[in-house]
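Structure incoming, see below.
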Amino acid sequence: MPTKTLLAQQAASLTDLSIYRHSGHMHAHTKPALHINARQKRAILKRMVLIRVFEEKAGDLFQQKLIPGFIHLSIGQEASTVGSCSALRPDDYIISTHRGHAHILAKGADPKYMYAELFGKAAGYCKGKGGSMHIADFSLGILGANGVVGGGFPIMTGAGLSIKLRKTDQVGMVFFGDGASNRGTFHEAANMAAVFKLPIVFVCENNYYASTSRADKMVSGPSIAARACAYGMPGHFVDGSNVLDVLGAVQEAVDHARSGNGPSLIETSTYRYRGHFEGDKQKYRTAEEIHAHKLHRDPIDRFEKLLLIEGTLTREDIDAVWEGVNARIDEAIRFGMEAPLPQPEDALKDLFVNL
Amino acid sequence: MKSRYISCSKAISEAIAEEMEQDETVFILGEDLVAHGGIFGQFSGLPKLFPDRIIDTPISETAIVGGGIGAALTGMRPIIDMHFADFVTTAMDEIVNQMAKIRYMFGGQAKLPLVLWAPDGSGIRAAAQHSQCLESWFVHTPGLKVVVPSEPADVKGLLKSAIRDDDPVVFFQHKSLFAQRGPVSPEPYYIPLGVADVKRPGAHITLITYSRMTYRCLEAAQELAGQGIDAEVIDLRTLKPLDFNCIAQSVSKTRCAMIVHEACLTGGFGAEIAARIGEELFDCLAAPVARIGAKDVPMPFSPVMEDFVVPQVADIVACAEKTVKRKRL
């Protein structure tokens with residue numbers, strides 16, 4: 001058994017990236033998804049690129065002051081998100097976080113309605129009432145991004161209970177970060193999900209910073225995945241920059257839930273390249289640290305290299321993916337920009353169904 | 001058909017049984033429900049009738065309330081048992097930031113057909129953490145409907161409507177009224193949310209009240225009648241939506257209004273009603289609007305102190321007399 005805890009190793013790795021191979025650790029999940037075919041791999045790459053481009057352009061638009069309020073980007077975390085959502089069916093549920101654009105896109109949302117929402121337009125997913133932190137598409141099983149850190153756990157517990165009462169074989173996946181793992185909501189939901197054997201997958205995307213606070217200073221115990229043990233559910237730590245590793249671990253958890261065996265907890269080690277929010281001065285970390293992650297652990301770069309080595313895609317194929325995504329995002333931005341603003345009085349609608 | 005006399009407890013279990021019978025998405029989630037039909041016996045008989053739909057949970061109010069929200073969002077119609085209304089504080093994020101806002105902030109995509117059933121109020125000598133009336137907090141949170149019934153017939157009809165409602169309803173059931181009996185039709189019926197009820201017609205002063213204080217106001221009205229003061233008693237029954245028309249009609253007639261609630265006075269719902277009467281009915285008022293509520297302290301344990309803090313019939317009578325005396329012609 002390793003002497004260092006995963007959190008301590010992860011802290012060390014902010015300069016030394018070797019721990020992300022984490023071979024042999026009791027919680028490490030080392031069964032990448034090998035069964036998927038070339039078409040699926042291309043789709044995974046496309047989704048990751050879609051998120052990357054969506055987020056980068058959202059950052060640019062924010063800088064140009066075209067997006068009101070503030071936004072939290074997840075550039076660098078694409079493998080964790082896409083790997084997780086690739087294990088789901090369209091009728092499965094997700095709940096996302098304040099850093100939620102990626103989850104929503106990964107579950108199939110249309111970027112044009114997302115940009116419209118970011119711009120505060122009536123054509124947005126939430127008619128301009130939600131904004132960046134509160135996007136939902138119930139028709140896609142997206143029960144919403146939640147602006148309250150740790151707000152999603154109890155709600156997903158209820159969705160899981162509902163699945164059980166309705167006797168369907170759906171699965172619910174709740175995303176959260178290292179910060180939210182310290183909320184009491186996590187404990188209540190994890191315990192209840194476990195005692196009721198609810199079909200829920202808890203996906204902790206440990207990007208190592210809760211706003212400005214490092215996980216190794218704020219999270220007790222050997223890892224977040226290790227907390228699963230306390231609730232009698234499976235828990236796995238997985239390299240969140242490797243999309244097939246994530247998919248392998250999450251698929252196992254989803255299958256476990258779908259076959260009635262109850263919840264699981266997956267912790268993905270990942271990293272956000274941008275600040276907590278756009279405009280964050282980021283005094284809590286160095287430029288070198290960010291650079292090292294971009295250089296050695298970029299999830300898209302890693303996956304592209306794999307696909308090239310395998311011969312699944314050619315360089316031209318990959319370029320075509322980027323071009324296609326860029327065109328789609330530009331069109332989505334145009335749609336959002338041109339869409340009309342809501343009427344101020346629309347603020348009074350949508351509160352109640354019957355009133 | 002002839003009404004029977006049944007208790008509020010019986011009205012609650014009948015209402016839920018009828019709704020569960022006709023809709024299998026209705027279920028109850030909460031602590032200690034199965035063994036005794038709820039800690040007040042309010043769900044007696046239901047665990048036997050619907051064994052899979054009365055669900056005992058761990059002591060996890062956050063997950064219980066959040067669980068109700070998640071279930072409501074995905075096709076169920078949950079009733080969340082809060083155990084004691086005081087414990088809403090352990091799930092305030094779920095109630096205020098989630099339940100009340102999810103439909104609105106997602107642009108009306110979702111509906112949350114759920115009832116947060118919360119036994120509130122004093123009278124069982126349970127002291128500071130098990131005796132509060134907290135309805136003002138929720139009336140002050142857009143996105144929630146708030147029901148505060150008194151007599152068994154209202155409890156039944158309003159609870160059935162609350163369960164059928166597609167929006168979240170906070171349903172405050174006064175603990176001192178569980179055993180209160182009253183006439184209830186044996187036929188199924190609904191009472192719409194947002195309709196007040198004149199429990200006693202009168203000409204000289206309007207007593208605007210709800211929940212347990214309805215009974216105290218009716219008693220006070222009887223005493224006042226002995227002194228030649230004819231009081232009208234309005235039971236609001238729901239605070240949101242509020243039936244202000246009923247208040248306006250009555251106050252236009254009596255030209256004198258007094259609000260009585262058990263919640264503490266400062267920042268209580270009486271202040272809202274008084275303000276609206278001032279804004280909208282100023283021209284017909286013949287006296288200042290009066291208010292009675294509990295004194296602004298946490299509920300003390302010792303019965304002599306509790307009775308001092310909570311409005312009594314004598315307090316209502318005295319305040320009504322004083323208010324009527326101030327009426328100008």
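Computation of the quantities below employed the complete heavy-atom set of this structure, encompassing side-chain atoms and omitting hydrogens, waters and symmetry-equivalent molecules.
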(message) Show the nearest heavy-atom pair for residues A/Phe196 and B/Ile55, with the distance to one decimal.
(response)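 Nearest heavy atoms, A/Phe196 then B/Ile55: CZ-CG2, 3.9 Å.
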(request) Locate the shortest heavy-atom distance separating B/Pro58 from A/Val195; write the atom from each residue and the value. (result)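 Scanning both residues completely, I find the closest heavy atoms to be CG-CG2, 4.0 Å.
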(request) With a 4.5 angstrom heavy-atom cut-off, could you sort out which part of A/Ala193 is near chain B: side chain, backbone, both or neither? (result)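 For A/Ala193, there is no contact with chain B at all, as no heavy atom is under 4.5 Å.
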(message) Counting only non-hydrogen atoms closer than 4.5 Å, does A/Leu198 touch chain B with its backbone (N, CA, C, O), its side chain (CB onward), both, or neither?
(response)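 Contact with chain B is absent: no heavy atom of A/Leu198 under 4.5 Å.
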(request) Specify the closest pair of heavy atoms between A/Met192 and B/Thr57, including all atoms of both residues, with the distance to one decimal. (result)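 Looking at all heavy atoms of both residues, the shortest contact is CE-CB, 3.9 Å.
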(message) Counting only non-hydrogen atoms closer than 4.5 Å, does A/Phe153 touch chain B with its backbone (N, CA, C, O), its side chain (CB onward), both, or neither?
(response)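 Answer is neither: A/Phe153 stays 4.5 Å or more from chain B.
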(request) Starting at CG of A/Leu165, measure out to CZ of B/Arg53 and round the result to the nearest 0.5 Å. (result)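 It comes to 9.0 Å.
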(message) Need one label for B/Asp166: side chain, backbone, both or neither, based on atoms under 4.5 Å from any heavy atom in chain A.
(response)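 Both the backbone and the side chain of B/Asp166 come within 4.5 Å of chain A.
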(message) Could you check whether any side-chain N or O of A/Arg166 sits under 3.5 Å from a backbone N or O of B/Thr74, counting only pairs where one atom can act as donor and the other as acceptor?
(response)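 Yes, A/Arg166 side chain to B/Thr74 backbone: donor-acceptor pair under 3.5 Å.
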(message) I'd like to know whether CD of B/Gln129 has more than 12 heavy-atom contacts from other residues, nucleotides or ligands below 6.0 angstrom.
(response)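 Not buried by this count: 12 neighbours or fewer within 6.0 Å.
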(request) Examine whether an atom of B/Leu193 lies under 4.5 Å from a heavy atom of chain A, and if so say whether it belongs to the side chain, the backbone or both; otherwise answer neither. (result)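 Contact with chain A is absent: no heavy atom of B/Leu193 under 4.5 Å.
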(request) Check whether more than 12 heavy atoms from other residues, nucleotides or ligands sit under 6.0 Å from atom CZ of A/Phe70, and answer yes or no. (result)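 No, the 6.0 Å shell around CZ holds no more than 12 heavy atoms from other groups.
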(message) Please check this pair: side chain of A/Lys129 against backbone of B/Gly107, looking for a donor-acceptor N/O pair closer than 3.5 Å.
(response)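 It does not hold such a pair.
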(message) Distance check, rounded to the nearest 0.5 Å: A/Met156 atom CE versus B/Leu73 atom CG?
(response)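 These two atoms lie 10.0 Å from each other.
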(message) Given heavy-atom pairs under 4.5 angstrom as the criterion, report whether the side chain, backbone, both or neither of A/Ala347 touches chain B.
(response)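 Interface part for A/Ala347: both.
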(message) With rounding to the nearest 0.5 angstrom, report the CD to CD distance, A/Glu188 to B/Glu61.
(response)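 Between atom CD of A/Glu188 and atom CD of B/Glu61 there are 6.5 Å.
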(request) List the atom of A/Ala189, the atom of B/Ala63, and the distance in Å for their closest heavy-atom pair. (result)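 Minimum heavy-atom contact is N-CB, 4.3 Å.
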(request) Sort by residue number and list every member of residues 104-118 of chain A having a non-hydrogen atom under 4.5 Å from chain B. (result)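 So far as heavy atoms go, nothing in residues 104-118 of chain A approaches chain B to under 4.5 Å.
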(message) Can you tell me which portion of B/Ile64 sits under 4.5 Å from chain A's heavy atoms? Options are side chain, backbone, both or neither.
(response)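 The answer is both parts of B/Ile64.
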(request) Would you mind checking which part of A/Asn146 comes under 4.5 Å of any heavy atom in chain B, side chain (CB onward), backbone (N, CA, C, O), both or neither? (result)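 For A/Asn146, side-chain heavy atoms alone lie under 4.5 Å from chain B.
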(request) Report the option among B/Gly68, B/Gly194, B/Pro142 that has the most heavy-atom pairs separated by less than 4.5 Å from atoms of chain A. (result)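 Of the candidates given, the most pairs with chain A belong to B/Pro142.
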(request) Mind ranking B/Ile69, B/Asn97, B/Asp93, B/Leu112 by heavy-atom pairs under 4.5 Å with chain A and telling me who comes out on top? (result)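 When all of B/Ile69, B/Asn97, B/Asp93, B/Leu112 are compared, B/Asp93 has the most.
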(request) Supply the atom-to-atom distance A/Leu348 CG to B/Tyr104 OH, rounded to the nearest 0.5 angstrom. (result)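 Rounded to the nearest 0.5 Å, the CG-OH separation comes to 7.0 Å.
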(message) Does B/Ile59 have more than 12 heavy atoms from other residues, nucleotides or ligands lying within 6.0 Å of its CD1?
(response)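 Count not over threshold, so no.
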(request) Report the distance from atom CE of B/Met105 to atom CG of A/Leu351, rounding to the nearest 0.5 Å. (result)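 The CE atom of B/Met105 sits 12.5 Å away from the CG atom of A/Leu351.
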(message) Using the rule given for side-chain contact (heavy atoms from CB on, under 4.5 Å), can you reason through A/His134 versus B/Ile102, listing the C-alpha separation, both sets of side-chain angles and the distance that settles it, and then say yes or no?
(response) CA-CA 9 Å; A/His134 314 103; B/Ile102 279 179; over 6 Å; no
(message) Heavy-atom cut-off 4.5 Å, strictly under: side chain, backbone, both or neither for A/Leu161 against chain B?
(response)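 Side chain only.
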(message) If I measure from the heavy atoms of chain A, does B/Lys101 come under 4.5 Å with its side chain, its backbone, both, or neither?
(response)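 It is neither, since no heavy atom gets under 4.5 Å.
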(message) How close do B/Asp167 and A/Phe352 get, counting heavy atoms only, and between which atoms?
(response)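 Residues B/Asp167 and A/Phe352, closest heavy atoms: OD2-CB, 3.3 Å.
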(message) For a quick test of reading the model, state the closest non-hydrogen atom pair linking B/Gln109 to A/Asp137 and the distance between them.
(response)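 Residues B/Gln109 and A/Asp137, closest heavy atoms: OE1-CA, 3.3 Å.
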(message) Nearest 0.5 angstrom please: A/Tyr125 OH to B/Phe106 CZ, how far?
(response)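 A/Tyr125 atom OH to B/Phe106 atom CZ measures 13.0 Å (nearest 0.5 Å).
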